[in-house]
Novice: 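Please find one structure pasted underneath; my questions will follow.
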Amino acid sequence: MAKKKIKDIAAEMLTDFLAENGLELFNIEYVKEGKQRFLRVYIDKPPAEDGTDQYIDIEECEKVSRYLSDRLDEADPVEENYTLEVSSPGLDRPLIRESDYVRYAGRLVDVKLYKALNGRKEFSAELEGLEDGTVCLKDGDEELRIPLDSISKIRLAVVF
């Protein structure tokens, strides 16, 4: 069975359940690592009414895992053995969707580039947004505009 199809099936199974529980789907991966396959489901919470971040706890991961595991066992869409993992995207979550660039504007992000820019392939900067496929950043006094396809990874920076 194709990876995309398994991801789509899991997403469809979760849509209503997550909405009913005040959760949202962040991402799904179906990957092979060594000889083992993993179906990884990342869940999140929308921001609170005042705009502050809300975080996933272990009980919510367990609840989603049990629900999805039961649905997948009933439907049996995956022929090979796999391990189901449900977790949050973490504090250093990757920015995947356009909405992530809006939601996290003003936050510090860690950026890794495929090719060096001004002699650097990795740096931290303030996210300003995404405009027409270009990531807008502020690095001190310098405004940076980097095409999204030039970025290998962009994640929220964890600041202690």
Side-chain angles (χ1 to χ4, degrees), residues 1-33 36-49 51-58 60-65 67-68 71-72 77-78 82-117 120-139 143-159:
M1 181 158 294
K3 292 179 188 178
K4 185 176 193 260
K5 187 165 172 72
I6 294 166
K7 291 167 45 173
D8 290 344
I9 290 168
E12 288 172 15
M13 289 177 172
L14 285 171
T15 301
D16 292 338
F17 181 78
L18 292 176
E20 291 166 8
N21 287 279
L23 304 170
E24 58 187 25
L25 184 62
F26 182 80
N27 195 21
I28 297 180
E29 301 173 345
Y30 185 63
V31 296
K32 183 176 182 183
E33 295 177 1
Q36 187 150 7
R37 294 187 184 276
F38 294 89
L39 178 60
R40 293 191 176 116
V41 176
Y42 299 92
I43 57 174
D44 203 4
K45 285 186 179 176
E49 288 183 24
T52 59
D53 290 333
Q54 299 189 85
Y55 301 100
I56 297 295
D57 62 36
I58 191 75
E60 290 163 322
C61 291
E62 180 183 4
K63 185 176 184 178
V64 171
S65 179
Y67 174 84
L68 182 57
R71 301 292 97 47
L72 289 169
V78 183
Y82 66 95
T83 299
L84 173 63
E85 297 177 351
V86 177
S87 68
S88 85
L91 293 176
D92 64 341
R93 65 192 59 218
L95 303 184
I96 297 173
R97 303 171 298 241
E98 283 189 34
S99 61
D100 295 336
Y101 291 86
V102 173
R103 180 175 177 178
Y104 297 112
R107 300 273 297 269
L108 192 64
V109 292
D110 292 326
V111 181
K112 293 184 180 183
L113 304 174
Y114 290 112
K115 293 182 181 179
L117 173 69
R120 299 184 306 173
K121 285 182 74 174
E122 296 183 20
F123 57 92
S124 294
E126 181 183 330
L127 176 67
E128 292 184 329
L130 181 68
E131 296 174 5
D132 300 321
T134 300
V135 178
C136 304
L137 302 163
K138 187 169 186 173
D139 187 14
E143 299 283 329
L144 301 172
R145 302 290 181 257
I146 303 171
L148 193 55
D149 60 3
S150 296
I151 297 174
S152 65
K153 287 185 183 179
I154 183 167
R155 298 178 166 273
L156 290 182
V158 178
V159 180

Novice: Under 4.5 Å between any side-chain heavy atoms of P77 and L72, yes or no?
Specialist: yes
Novice: For the pair Y82 and Y30, name the ring-plane relationship: parallel under 30°, tilted 30 to 60°, perpendicular over 60°.
Specialist: perpendicular
Novice: Does the side chain of M13 come within less than 4.5 Å of L68's, by heavy atoms?
Specialist: yes
Novice: Report the C-alpha separation of I28 and Y42 in whole Å, then their side-chain angles, then the decisive distance to 0.1 Å, and conclude whether the side-chain contact (heavy atoms from CB on, under 4.5 Å) test is met.
Specialist: CA-CA 6 Å; I28 297 180; Y42 299 92; over 6 Å; no
Novice: Compare all side-chain heavy atoms of L127 with those of Y101 and state whether any distance is below 4.5 angstrom.
Specialist: yes
Novice: Taking E60 for its side chain and D57 for its backbone only, find out whether a donor-acceptor pair lies under 3.5 Å.
Specialist: yes
Novice: Verify, without hydrogens or angle tests, whether T134 (side chain) and L130 (backbone) share a donor-acceptor contact under 3.5 angstrom.
Specialist: no
Novice: Indicate yes or no: does E128 engage K138 in a salt bridge with an N to O separation below 4.0 Å.
Specialist: no
Novice: Can K153 and E122 be counted as an ion pair, charged N to O under 4.0 angstrom?
Specialist: no
Novice: For the residue pair E126 and L108, what are the closest heavy atoms and their distance?
Specialist: N-CD1, 4.0 Å
Novice: Which residue pairs pass the salt bridge (charged side-chain N to carboxylate O under 4.0 Å, His left out) test with at least one member in residues 86-99, sequence neighbours excluded?
Specialist: D44-R93, R97-D100
Novice: When you measure from the centre of the six-membered ring of F38, is the NZ or CZ of R40 closer than 6.0 Å and no more than 45° off the axis?
Specialist: yes
Novice: Under the side-chain contact (heavy atoms from CB on, under 4.5 Å) test against Y67, which residue among L14, L18, N21 passes?
Specialist: L14
